[in-house]
Student: 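One structure coming up, written as structure tokens, with questions to follow.
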2 protein chains.
Amino acid sequence: MVKITDVARHAGVSPSTVSYALSGKRPISEETRRRVEASIRALGYRPHAGARALASSKSNVLALVVPLRAGIHVPVVMQFAVSVVTTARAHDHDVLLLTQEEGEEGLSRVADTALVDALIVMDVQLDDPRLPLLRALERPSVLIGFPAEPTGLTCVDLDFRAAGELCVEHLAELGHRVVALVGSAPEVYVRRTAFAQRVVQGFTAAADRYRLSSAVHPCAASPAAARATAERLLREQPALTGVVVHNEPVLEPLVDAFEQLGLRVPEDLSVTAICPRELAESLRVPVTSVALPSAEIGARAVELLMGKLDGAAVDESTLLPARLTRRASTAPRKLP
Amino acid sequence: MVKITDVARHAGVSPSTVSYALSGKRPISEETRRRVEASIRALGYRPHAGARALASSKSNVLALVVPLRAGIHVPVVMQFAVSVVTTARAHDHDVLLLTQEEGEEGLSRVADTALVDALIVMDVQLDDPRLPLLRALERPSVLIGFPAEPTGLTCVDLDFRAAGELCVEHLAELGHRVVALVGSAPEVYVRRTAFAQRVVQGFTAAADRYRLSSAVHPCAASPAAARATAERLLREQPALTGVVVHNEPVLEPLVDAFEQLGLRVPEDLSVTAICPRELAESLRVPVTSVALPSAEIGARAVELLMGKLDGAAVDESTLLPARLTRRASTAPRKLP
DNA sequence: TTGAAAGCGCTAACAA
DNA sequence: TTGTTAGCGCTTTCAA
């Protein structure tokens, strides 16, 4: 293995000069820098990560905790993960993958052993059991999602409450008076997952504000559940003309089910969704939607973390604004 | 930060005794072990990962390279990743996540800096550009998938060739004479992704052996493409009665498309798939399938790597046997 | 602008 | 069964 002393000897300088040439933490003459760089290339030198971590107390690794539970939409998780890795690499960091299963013990393990410098936690619940630990940890962390009590934590997410409101407002402005929210799987609510709760809050608040008749239906992530939900909606709210869907895997089967039940989208029923843009665009009838910007959220999480690692004061709360894009699935209510 | 010398002092032993008590690499008296463990707990000691890696030249971290390209089915990738992480943790290792994008440079970076002890590479192409590097690397690796020339590499995968054969054999034995393979997205074949190619080989070989009339159709991962493929199949092979689907996102829309075109499954058309078991079971008509055991493959990859890290001689090639499960989507051919 | 040298916290060879 | 000690390869302070 080539080490820093080998490079130093080859370049005719001291090891510290090589180190500084690499880190840029002190000025190096043009001439010396060139020699050092040439030697590094000639010898194929790569600094040893462990030695670096030991000497500098920085591992340049971030932990990413991904959820693996019922009701979460896997492609969205992957998009997050990829954007976290990509952004982290742009900041010269790597990403260690942890599963939710490892729980609090996993978090303290990687933090306390200095395996990672900082942590990103996904799928936060309103009353997440990991919060006290994250607050106490000596390493910075960023949550993707807002718990009920975010004080002392750094959180980033789409403004899901606004997303729920925007969908209802859009439907209300199109003249719809009876609306429903088809939400995530029941387990997601049982766990009090933050983002799901906030959509419900936004939906309900806006529906009340506009004096709409409204209902909320959790829905499991299967075509069968989608069909059952569609049937139930029509039974319980026969005058229904507006639906908000916050459940990716169910969006397409739900629209299909409505059409099979004789409701044309958007002629008889307007549908809006909160989901990744690509999904909304990919349906046979492109769906009016509030985009879920996974890549942006992941990138933002990493950047916040980099700020904290640099000792900067960063915003405790980053709510990415919800924006609604009109597509073919919504239309003014037909007058009876 | 609590360090090993603190623990040693607290327990009244030497640092090496603490180290050995932790690693079990030499016998420790019951009495001493108890004292050491008590001190570790009392002080909340956690060994510093970097210091460990430096002294032992083992980081206890594996690299996992995940694909992010068109035509790969994201949930399957996540299943792999999760099973790799879970299995790695069972062997006291962590997992560093790399994206395909980082390419060969990313592999040598994490290997040469000793950030990781070993690597797992997914989405291998028949003539993967990373193979020479992986062969030359001083650290062990395992490929998920078989390249054209696997000599000198350790590979694990489902026996996709056998999977393709099994599906055809099953159809042939049910009396079907005209069959088609609906494969992965065209890009996947352009890249010569190993598993997709092998399915085609198995499908074709078995069809020839049984003297079936057969055709292969790559298909993009969208409902629209599924529908177009269904129409094309019926146009080009009007006597078609058996279909093999090797394309997860397309399975359900394809079956729907066939039914809308007036073909009942399985009465008019028998459908088999190569896909995760859960997907095959979840359709309205459960699909006869060869299961893609992602979790098993991921676990096996980690175990092979652990063997190699322990200096064991492991099989160069691990082909998990393909097994076909009959479900409701296949039936004997109706006689005309 | 550069060099010398003291650690960073741990493991493992050597010695007892 | 245990202790002593020499590194592991790098960063960073101190000194020039």
Side-chain angles (χ1 to χ4, degrees), chain A residues 1-37 39-40 43-61 92 109-117 138 309, chain B residues 1-37 39-40 43-61 92 109-117 138 309:
Chain A
M1 180 192 196
V2 181
K3 38 195 170 185
I4 201 168
T5 51
D6 299 326
V7 176
R9 195 174 326 113
H10 187 275
V13 298
S14 75
S16 60
T17 298
V18 177
S19 175
Y20 285 120
L22 240 27
S23 70
K25 287 190 182 170
R26 81 180 185 190
I28 303 276
S29 73
E30 202 36 45
E31 154 66 1
T32 305
R33 150 163 300 124
R34 233 197 310 284
R35 280 221 313 288
V36 169
E37 278 163 5
S39 300
I40 287 175
L43 302 180
Y45 170 66
R46 299 274 203 174
H48 187 287
R52 250 189 177 175
L54 179 56
S56 68
S57 21
K58 282 184 198 345
S59 66
N60 275 35
V61 175
D92 196 31
R109 183 176 58 79
V110 297
D112 294 347
T113 60
L115 223 196
V116 307
D117 295 335
E138 72 283 26
L309 285 172
Chain B
M1 180 193 196
V2 181
K3 40 193 168 184
I4 201 168
T5 50
D6 299 327
V7 176
R9 195 175 325 111
H10 188 273
V13 299
S14 76
S16 61
T17 297
V18 177
S19 176
Y20 285 120
L22 240 28
S23 71
K25 288 191 183 171
R26 82 181 185 189
I28 303 278
S29 73
E30 201 36 45
E31 154 67 0
T32 305
R33 151 162 298 125
R34 233 196 311 282
R35 279 223 312 291
V36 169
E37 278 164 4
S39 300
I40 287 175
L43 302 180
Y45 169 67
R46 299 275 203 174
H48 186 286
R52 252 189 175 174
L54 179 56
S56 69
S57 24
K58 282 182 197 347
S59 67
N60 274 35
V61 175
D92 196 30
R109 182 175 58 79
V110 298
D112 295 347
T113 60
L115 223 195
V116 306
D117 295 334
E138 72 283 25
L309 285 171

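What you see below is based on every heavy atom in this structure, not just the backbone, and it leaves out hydrogens, waters and symmetry mates. Chain identifiers are assigned alphabetically (A, B, ...) following the order of the sequence lines, protein sequences preceding nucleic acid strands; residue numbering begins at 1 within each chain.
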Student: Does Ser19(A) put a side-chain nitrogen or oxygen below 4.0 Å from OP1 or OP2 of dT11(D)?
Tutor: yes
Student: So if I take every side-chain heavy atom of Ile4(B) and compare against dT1(D), dG9(D), dT11(C), which nucleotide ends up nearest?
Tutor: dT11(C)
Student: Would you mind reading off the distance between Lys58(A) atom NZ and dG9(D) atom P, rounded to a whole angstrom?
Tutor: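 Those two atoms, NZ and P, are 23 Å apart.
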Student: Closest nucleotide of DNA chain D for Ala51(A) versus for Gly12(B): which of these residues is on the 5' side?
Tutor: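 Here Gly12(B) is the residue nearer the 5' end.
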Student: Roughly how many Å is it from CZ in Arg34(A) to C1' in dT2(C), rounded to a whole number?
Tutor: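 These atoms are roughly 17 Å apart.
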Student: With a 3.5 Å distance limit and no angle check, can you tell me whether Arg46(A) reaches the backbone of Thr113(B) through a side-chain donor-acceptor pair?
Tutor: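 Checking the backbone N and O of Thr113(B) against the side chain of Arg46(A), no donor-acceptor pair under 3.5 Å is found.
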Student: Which heavy atom of Gly50(A) sits nearest to which heavy atom of Ala53(B), and what is that distance?
Tutor: CA-CB, 4.3 Å
Student: Counting N and O atoms only, with roles assigned by atom type, does the side chain of Asn60(A) sit under 3.5 Å from a partner on the main chain of Asp92(A), one being a donor and the other an acceptor?
Tutor: yes
Student: How many whole angstroms separate atom NE2 of His48(A) from atom C1' of dT11(D)?
Tutor: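 Rounded to the whole Å, the gap is 15 Å.
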Student: To the nearest angstrom, how far is Leu115(B) atom CG from dG9(D) atom P?
Tutor: 16 Å
Student: Are any of Lys25(A)'s side-chain N or O atoms less than 4.0 Å away from OP1 or OP2 of dT12(D)?
Tutor: yes
Student: Do the side-chain N or O atoms of Tyr20(B) get closer than 4.0 angstrom to the phosphate oxygens (OP1, OP2) of dA13(C)?
Tutor: no
Student: Rounded to whole Å, please give me the gap between CZ in Arg33(B) and P in dT1(D).
Tutor: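 Rounded to the whole Å, the gap is 10 Å.
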Student: Using the closest heavy atom to pick a nucleotide of DNA chain C for each, name whichever of Gly50(B) or Arg26(A) lands nearer the 5' end.
Tutor: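 Closest to the 5' end, via its nearest nucleotide, is Arg26(A).
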Student: Go through dG3(C), dT4(D), dG7(D) for me and flag the one nearest to the Ser16(A) side chain.
Tutor: dG3(C)
Student: I'd like to know if the side chain of Ser56(A) and the backbone of Arg52(A) have a donor-acceptor N/O pair within less than 3.5 Å.
Tutor: yes
Student: Are OP1 or OP2 of dT4(D) and a side-chain N or O of Ser14(B) less than 4.0 angstrom apart?
Tutor: no
Student: Side chain of Ala55(A) only, please: which of dT11(C), dC10(D), dT1(C) is the nearest?
Tutor: dC10(D)
Student: Just how far, in rounded Å, is P of dG9(C) from OH of Tyr45(B)?
Tutor: 10 Å
Student: Counting only side-chain heavy atoms from C-beta out, which of dT12(D), dT1(D), dT1(C) sits nearest to Thr32(A)?
Tutor: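 Among the listed nucleotides, the one closest to the side chain of Thr32(A) is dT1(C).
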Student: Determine, for Arg9(B) against Asp6(B), whether the closest basic-nitrogen to carboxylate-oxygen distance falls under 4.0 angstrom.
Tutor: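 Yes, Arg9(B) and Asp6(B) are salt-bridged.
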Student: Find the distance Ile28(B):CD1 to dT2(D):C1' and express it as a whole number of Å.
Tutor: 8 Å
Student: When the distance from NZ of Lys3(B) to P of dG7(C) is rounded to whole Å, what number comes out?
Tutor: 11 Å
